[in-house]
Amino acid sequence: MLYSTTKEHEELRKAIREFAEAEVKPIAFQLDQNNEFPHDVVKAMGERGWMGIPYAKEYGGAGLDAISYAIAVEELSRVDGGVGVILSAHTSLGSYPIEAFGTEEQKKKYLIPLAEGKSIGAFGLTEPEAGSDAGGTQTVAELDGDHYILNGNKIFITNAPEADTYVVFAVTTPGIGTKGISAFIVEKGWEGFSFGDPYDKLGIRSSKTAELIFDNVKVPKENLLGQEGQGFRIAMQTLDGGRIGIAAQALGIAQGAYEHALKYAKERIQFGKPIAQQQSIGFKLADMATKLRAARFLIYSAAEMKTLHVPYGTESAMAKMYASDIALEVVNDALQIHGGSGYLKGMEVERFYRDAKITTIYEGTNEIQRVVIAASLVGKMPK
Ligand code: CAA
C-alpha cells in the first residue's frame, strides 16, 4: 500500500499548523509547568470541526478520512504532544467505539456532541491488574432489572476527569475470559462514579490522566455498547485505530524536536562555522529526517488502509511501534544537538524529550505491538 496526500489534506495541515502555532505554542510551556488542561484550545478545536474529523457529517463530524485525522494529531503534537493526545484519545478511543458499535439512539445521544466538540470522550480499559493483559479485566457489571451495576477501578485514563463520556469495559460473565467482557457508555456525574486526583506525569502534562472509580454505578441497559460479551473485540478493534493516533502523536513530537534542532544547528557557531556544517551533526540531522519520513509513510499508509476498510491492525501496530521508537531517538538527538541549553526548562526540546516517552508505553506497549505483529506473521504464541 502507498499513501498520497491530497490538496485537501495539505490545506487541513496548514490550517491546524497555523492554529497550533498561534493558539497552543505561546501557552505550551505554561500548560506543561502547571499541568493545566487547555479548555479554550479544546473548545476552539470543536468550533473548527476538528473534534470529529473522521466521522460522518450526519453525526456531527467533518466527514474526512483517517489520514486527515492523523495529520491533525501530528500537527498539534508538533507543538504540544499533550494537546495531540487529547484529540487522539477523544476521537479514536472515546468516539470510535460508539460510531462503530453504537445503536442509532446511542450515536444521536453521544456521538453527535462528541464529534461536534460539545463533549469530550475517554476510554476506560486499563486496570491495576489488567494492563498489557487487557483480558484480565476485573471491573464487573451485574445486570439488575433495567440496569447494570458497575463496580471496579480503571487507571491511567487519558482525558479523565475532563471527559464527559467514557467507554468502559467490564466483566458481565465471569470465568469465560475475554468472551465475558462487555462495553458500556458511562456518563460523568452518575452516582457512584468518581475520579482519583490527576496523575503528576513526566510529560504530556497539558493532557489530564486520572483513575476512574465505580462504586455501585447504575448504568442503564440501553448503555450497553454492542452485544454482551463483545467488549474485548470492541476494545481491540478500537485500539487498532487508536494506534494510528499515537503513531501520529509520536511523529509530531519528533518532527517538532527535529525542526528546533535543525534551526539551532544552522545558527550555532562552533569552531568557526555552524554546527550543522560539521559532519557529526549533519549526519545526525540526516538520520532524523530519514526516520521521520519512514514513520510518516507507515502512518499514512495504515490510515489509508483504515479508510479503505481493508484489515490494517498489523500495519497500525507497525506504525505505532516504529514511530514511537524513532521518536525517542529523534528527541534524544535533538536535545544532544542543543547541548547544555537543551537541558533547560523552557526549551522546547526539553519538553519534547519528556513528552515522547509515553508513546512507547500507552495504547499497547511496543512489546505488545511486537506480539501483535509477530502473531500476524507466525501465528499466536502459546501463553
Ligand atoms: N480486532 C478484533 N478482534 C480481535 C483483535 C483485533 N485487533 N485482537 C484480538 N481479537 C479477538 C481475537 O480474535 C480473539 O477472539 P476469538 O477468541 O473469538 O478468536 C479475542 O479477541 C481474544 O484475543 P487474544 O486471545 O489474542 O487475546 P489476548 O488475551 O491474548 O490479548 C493482546 C491480546 C494483543 C495482548 C491484547 O490484550 C492487547 O492488545 N493488550 C494491550 C492492551 C492495550 O493496548 N491497552 C491500552 C490501553 S488504552 C490507552 O493506553 C489509552 C491512552 O492512554 C491514550
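Below, each value reflects all heavy atoms present in this structure, side chains not excepted, and no hydrogens, waters or symmetry copies. Note that ligands are numbered from 1 as they come in the structure, with each ligand's atoms numbered from 1 the same way.
In the candidate list Glu363, Gln230, Lys380, Gln237, Lys380 is nearest to atom 25 (O) of ligand 1, counting heavy atoms. The option from Met236, Glu367, Lys179, His90 that lies nearest to atom 38 (C) of ligand 1, judged by heavy atoms, is Met236. Across Phe169, Phe232, Phe156, heavy-atom proximity to atom 21 (O) of ligand 1 is greatest for Phe232.
Atom numbering of ligand 1 starts at 1 in the shown order; those under 4.0 Å from a heavy atom of Gly364 are 43 (C), 44 (O), 45 (N), 46 (C). Atoms of ligand 1 lying under 4.0 Å from any heavy atom of Arg233, numbered from 1 in the order shown and given with element: 2 (C), 3 (N), 13 (O), 15 (O), 18 (O). Every atom of ligand 1 is numbered from 1 in the order shown, and the set under 4.0 Å from a heavy atom of Thr178 is 22 (C). Ligand 1 places these atoms under 4.0 Å from at least one heavy atom of Thr126: 47 (C).
Put simply, the side chain of Ile149 does not reach to within 4.5 Å of the side chain of Val140, judged on heavy atoms.
With hydrogens and angles disregarded, a donor-acceptor distance shorter than 3.5 Å links the side chain of His90 to the backbone of Met51. For the pair Asn153 (side chain) and Ile213 (backbone), a donor-acceptor distance under 3.5 Å is absent. Side-chain atoms of Ser92 come within 3.5 Å of backbone atoms of Ser88 as a donor-acceptor pair (strictly under, hydrogens ignored).
Under the 4.0 angstrom criterion for non-hydrogen atoms, Gly131 is in contact with ligand 1. A heavy-atom separation below 4.0 Å is found between Asp240 and ligand 1. In this structure, Gly313 does not count as a contact residue of ligand 1, since none of its heavy atoms falls inside 4.0 Å of the ligand.
Ile181 contributes atom CD1, which lies 8.0 Å from atom CG of Leu125 (distance to the nearest 0.5 angstrom). How far OG of Ser119 is from NZ of Lys109: 11.5 Å, rounded to the nearest 0.5 Å. Distance CD1/Ile299 to OH/Tyr322: 10.0 Å, rounded to 0.5 Å. Taken from CD1 in Ile27 to CD in Gln33, the straight-line distance is 13.5 Å, to the nearest 0.5 Å. Atom CG in Asn223 sits 6.0 Å away from atom CD in Gln106 (nearest 0.5 Å).
Some N or O of Thr158 is nearer than 3.5 Å to an N or O of ligand 1, by distance alone. Taking distance alone, with nitrogen or oxygen atoms compared against 3.5 Å, Ser132 approaches ligand 1 more closely than that limit. Considering backbone and side-chain N/O atoms, Leu125 never comes within less than 3.5 Å of an N/O atom of ligand 1.
Within the 4.0 Å heavy-atom criterion, the part of Arg243 lying near ligand 1 is the side chain and not the backbone. When non-hydrogen atoms are compared, ligand 1 lies under 4.0 Å from neither the backbone nor the side chain of Thr209.
Exactly one of Asp355, Asn35, Asp200, Asp80 qualifies for a side-chain hydrogen bond (donor to acceptor under 3.5 Å, both in side chains) with Arg205. That residue is Asp200.
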